[in-house]
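These notes concern the structure reproduced below.
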Amino acid sequence: MSGEIVNLRQARKRKARAEAEAKAADNRVRFGRTKVEKALGDARRDLEARRIEGHRLAGSPAEGEPEDDQRR
């Protein structure tokens with residue numbers, strides 16, 4: 001009988017690593033965004049923030065800023 005001696009522990013680990021890598025590759029394709037997509041999203045978010053800021057009334061405080069309560 002001639003055959004290759006296989007360490008089952010190592011074979012299981014090798015198989016698990018290959019499966020994990022395949023799943024990671026699939027997730028990168030499904031959920032990942034390219035650098036261009038990220039930059040486009042950031043640019044759109046900045047543009048929207050500037051538009052909202054441009055429509056703010058002169059006397060109203062920006063979000064997160066405390067109101068000046070000088071009418072006491």
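As the structure is a prediction and not an experimental result, all values here were calculated from the model.
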Checklist entry - So E53 and R50, side-chain contact (heavy atoms from CB on, under 4.5 Å) or not? Walk me through it. => result CA-CA 5 Å; E53 191 63 33; R50 285 197 311 269; 5.6 Å; no
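Partners of N7 under the side chain to side chain contact (heavy atoms under 4.5 Å, CB included) rule, at least two apart in sequence or in another chain, are R9, Q10.
The structure places CG of L47 at 12.5 Å from CG of D42, a figure rounded to the nearest 0.5 Å. Atoms NZ and CG, on K35 and L40 in that order, are 14.5 Å from each other to the nearest 0.5 Å.
Remark: R51 engages E48 in a salt bridge, criterion side-chain N to carboxylate O under 4.0 Å. Between K23 and D26 there is no salt bridge, since none of the side-chain N atoms of the basic residue sits less than 4.0 Å from a carboxylate O of the acidic one. Taking a cutoff of 4.0 Å between a charged side-chain nitrogen and a carboxylate oxygen, E21 and R28 qualify as a salt bridge.
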